[in-house]
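First up is the structure itself, then whatever we jot down about it.
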Number of protein chains: 2
Amino acid sequence: MKAEIISIGTEVLLGHIVNTNASYISRKCAELGIDVYYHSTVGDNESRIRAALKRGALRSDIIFTTGGLGPTVDDITLSTVSKTTDIRLVHNKEIAYEIKKYFTRRHLPMQKEILRQARIPQGSKWFKNNVGTAPGVIIPHEKRLIICLPGPPSELQPIMEKNIIPYLKKYLPVKSIIQSKSIKLTGLPEARVNAKVKDLLRLSGHTTVGIYTRLGEVELKITSKERTRDKALRNIGKIERTIRNRLSRFIYGVDNETLEEVTGKMLQKSRCILSVAESCTGGLVAHRLTNVSGSSKYFEAGIIAYNNDIKISQLWVSPKILKHHGAVSKRCALSMARNIKRITSTDIGIGLTGIAGPKGATKNKPVGLVYIALSSFRKETVKGFFFHGKREAIKFLASQAALDLLRKHLLKLK
Amino acid sequence: MKAEIISIGTEVLLGHIVNTNASYISRKCAELGIDVYYHSTVGDNESRIRAALKRGALRSDIIFTTGGLGPTVDDITLSTVSKTTDIRLVHNKEIAYEIKKYFTRRHLPMQKEILRQARIPQGSKWFKNNVGTAPGVIIPHEKRLIICLPGPPSELQPIMEKNIIPYLKKYLPVKSIIQSKSIKLTGLPEARVNAKVKDLLRLSGHTTVGIYTRLGEVELKITSKERTRDKALRNIGKIERTIRNRLSRFIYGVDNETLEEVTGKMLQKSRCILSVAESCTGGLVAHRLTNVSGSSKYFEAGIIAYNNDIKISQLWVSPKILKHHGAVSKRCALSMARNIKRITSTDIGIGLTGIAGPKGATKNKPVGLVYIALSSFRKETVKGFFFHGKREAIKFLASQAALDLLRKHLLKLK
């Protein structure tokens, strides 16, 4: 089964938007065993969209389109699909009802033209958009599927997960199955992970391993293509064990797990309550921890002390430490961790202090220098780090190191 | 002058890589006044690359290819260009010399096959890659240019900036110039912005207006294509004034400005020092404010009180308020704002409390309900909001509303 993705939108061609939809849909197709042979992007222009759809019909079994489903005159995806396939657009009452409900619920006035979004090709299947108003639409046409999805990833992805993938699973003939599993690592640079699994990255055939890098972490993705799910999972299991043997202490999770989620679960399991005292990260550690639903069970409080007075008054850091060692010092980080724990009566306190840059460096304290301390009822640790990158990258890397320090501490509690 | 971008690489079709090259090259083309009408991606497959190149030759004056310039047998961009254009590949001694130097300098052993990268189409122009070994190549062919660039953005972008853009500037006939300006709004949903500028969005010809939505904000991008920069800027100025007349109070900035940057500058200008007390946003407001370099000049401190005890002990919220009105209430938000200002001795305090979800809703307090208060030496405000979306979206929308409340407050101080 071959698929292609046609992204529609002048804003993509102008480079205003990075086309993340194409890579997202491609990943999902790979997981379903659907081969994606082409991505293409055209503007909001009828003749060019038509040409792309016609070309797609000649070479692919499934055509995904993204974008151009909005209510404005620029949004012409469905009308062009209609003209290309000779399937006329009809007003769908259920969609119209959902759109009206969307506006009523939000106490917003509704322009009549929004109801253009309720017009879909006759005989097509539609799926509700829980974030915006444009539904996802599947149009079966001459043994092919045309799948039209809204452009914003926040609208496209839920429809894809909830509706399109289950639909395609039923639609696809039973054949080889692709399974994959990602092993996520932090605390070791890509080059060093690479060196440790070089042999695995060269595997070819049924089971392969890919390496992907994101800021502060590395992902090893094991993929196996087999006739049965079980066989694929066995292949993956074997390679996963090899990876774990070699890199165990840097592995924090698998697949979609985030470091903040994993750490959160560990905190909850060990019944530890946490609070954080941040300086250079400016609230990012707390923000990441509280992105996890249910984090109020183990996250208590944060104090962001962005200058020395606040470090003294709110975090009880001794003026002597600030005078003799400076705010960016092991002593200060440790004092922040210890005191936030006391002040908020929690089990664990974390303190971070450093220079996020681009300004603020001194002769002995360059941009990127960060001290992170952890104080618990059992022990205290403090570590110095030196991160490279721009301000936001340094903040992120520091938050990543703090969460990893916490993870390693909780591992030992087990 | 029309251009298109052909991205070559199976890893892009598998979704392992997000194709940022296409948007990057598109932006640069727009700045040069070159229209990009198509992006396409094909795998490392000769017949599909040939078909894409042939299609490109029929519809574009400049064809960019990215990727497939590496030394392995999978890298077939140049050999396929050679076959498609009937221009044979020749060994280039200078490139070979640069490649050898690359390995000697790094004390790395060099496989002989690497020298495949020194074979380029006869009569083409090549540009040194300072990061990797694959040069950038421009192949003039039948009044068209085929420009082949390496796939990694860290290699592609320097060659583009240093060599390709200057080359194209000379190559292009003197003609129209494209200028654009983005007007950024917050606090008004896209549909309502749309309704206010409907006539402008329908403009066609030299000057056009596009509308783009991101979480919590809307961007109106004015683009003008003229023979001179001045004329284009005058056109843009005229439309900008119209937009400002209609939507002034929702406009926070232009082009790449962020709301946190704009608010930060206003704080600095008015010499106000800020601190924040966050509950549901869990540190995000402070995190955003401190993403701005120099924010320590106006941002003092944050307290994240993720439960009632901490609201009482650290933010002095009266237990009576919590008992009678609850933590998610106007009273509590106001008390948080007022007290953080007092506790940290700042000019302005902001307090946020709400339900980020998905859990935590009660009968009268649904997920998405957020109260935001501002307390300054002049006045106090508190507002209730009701946001839709997932936990992270609600957190972001609340932080956006808080920064906008602050912006509006500072506007009045002027």
Side-chain angles (χ1 to χ4, degrees), chain A residues 10-20 22-27 30 36-43 48 71-74 106 108 111 114 131 152 154 210 212 282-287 289-291 293-294 296 299-307 310 314 344 357-359 391-392 395, chain B residues 12-20 22-27 30 36-43 48 189 191-192 194-195 201-202 210 212-213 215 221 282-287 289-291 293-294 296 299-307 310 314 344 357-359 388-389 391-393 395:
Chain A
T10 303
E11 68 280 17
V12 183
L13 290 180
L14 286 169
H16 295 169
I17 286 178
V18 175
N19 189 356
T20 54
S23 63
Y24 168 80
I25 296 173
S26 293
R27 276 199 307 277
V36 174
Y37 279 175
Y38 304 95
H39 294 173
S40 51
T41 305
V42 288
R48 290 192 280 275
T72 75
V73 286
D74 276 352
R106 285 163 176 77
L108 291 172
Q111 244 83 34
I114 298 273
V131 180
S154 63
Y212 309 102
L284 177 56
V285 177
H287 168 51
L289 284 162
T290 60
N291 275 346
S293 169
S296 55
F299 179 72
E300 182 94 350
I303 292 182
I304 302 151
Y306 224 56
N307 76 24
I310 299 288
Q314 297 304 310
T344 59
K359 291 171 196 160
R391 184 176 179 87
E392 287 190 45
K395 283 179 71 177
Chain B
V12 183
L13 291 180
L14 285 169
H16 294 171
I17 288 178
V18 174
N19 189 355
T20 53
S23 62
Y24 168 80
I25 296 173
S26 294
R27 276 199 307 278
V36 175
Y37 279 176
Y38 304 94
H39 294 172
S40 51
T41 304
V42 288
R48 290 193 279 276
R192 291 185 57 195
N194 207 314
L201 296 175
R202 285 185 185 155
Y212 309 103
T213 315
L215 192 60
K221 183 157 188 169
L284 177 56
V285 177
H287 168 50
L289 283 162
T290 60
N291 274 346
S293 168
S296 55
F299 178 72
E300 183 94 350
I303 291 183
I304 302 152
Y306 225 54
N307 76 22
I310 298 288
Q314 297 303 310
T344 59
K359 290 171 196 160
H388 290 269
R391 182 176 180 86
E392 287 190 45
K395 283 179 71 176

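Numbered from 1 within each chain, the chains take letters A, B, ... in sequence-line order. Just so it is clear, the model here is predicted, and its values are computed rather than measured.
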So which heavy atom on [X] is nearest to which on [Y], and how close?
X      : Y      : result
B:H287 : A:H287 : CD2-CD2, 4.0 Å
A:I17  : B:S23  : O-CB, 3.7 Å
A:P358 : B:S293 : CD-OG, 3.2 Å
B:F299 : A:I304 : CE2-CG2, 4.0 Å

Please flag which part of [X] lies under 4.5 Å from any non-hydrogen atom of chain A: side chain, backbone, both or neither.
X      : result
B:I25  : neither
B:Y212 : side chain
B:Q314 : side chain
B:A22  : neither
B:I310 : side chain

Rounded to the nearest 0.5 Å, how far does [atom2] of [Y] lie from [atom1] of [X]?
X      : Y      : atom1 : atom2 : answer
B:T213 : A:E11  : OG1   : CD    : 9.5 Å
B:S40  : A:H39  : OG    : NE2   : 11.0 Å
B:T290 : A:Y306 : OG1   : OH    : 4.5 Å

Among B:V42, B:N291, B:L215, which has the most heavy-atom pairs under 4.5 Å with chain A?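 It is B:N291.
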Count the heavy-atom pairs under 4.5 Å between each of B:S296, B:G389, B:A30 and chain A, then report the option with the highest count.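 Of B:S296, B:G389, B:A30, B:S296 has the most heavy-atom pairs under 4.5 Å with chain A.
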Is the shortest heavy-atom distance from the side chain of [X] to the side chain of [Y] under 4.5 Å?
X     : Y      : result
A:N19 : B:N19  : no
A:D74 : B:L201 : no
A:L14 : B:V36  : no

At a heavy-atom separation under 4.5 Å, does A:N307 approach chain B through its side chain, its backbone, both, or neither?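 Interface part for A:N307: both.
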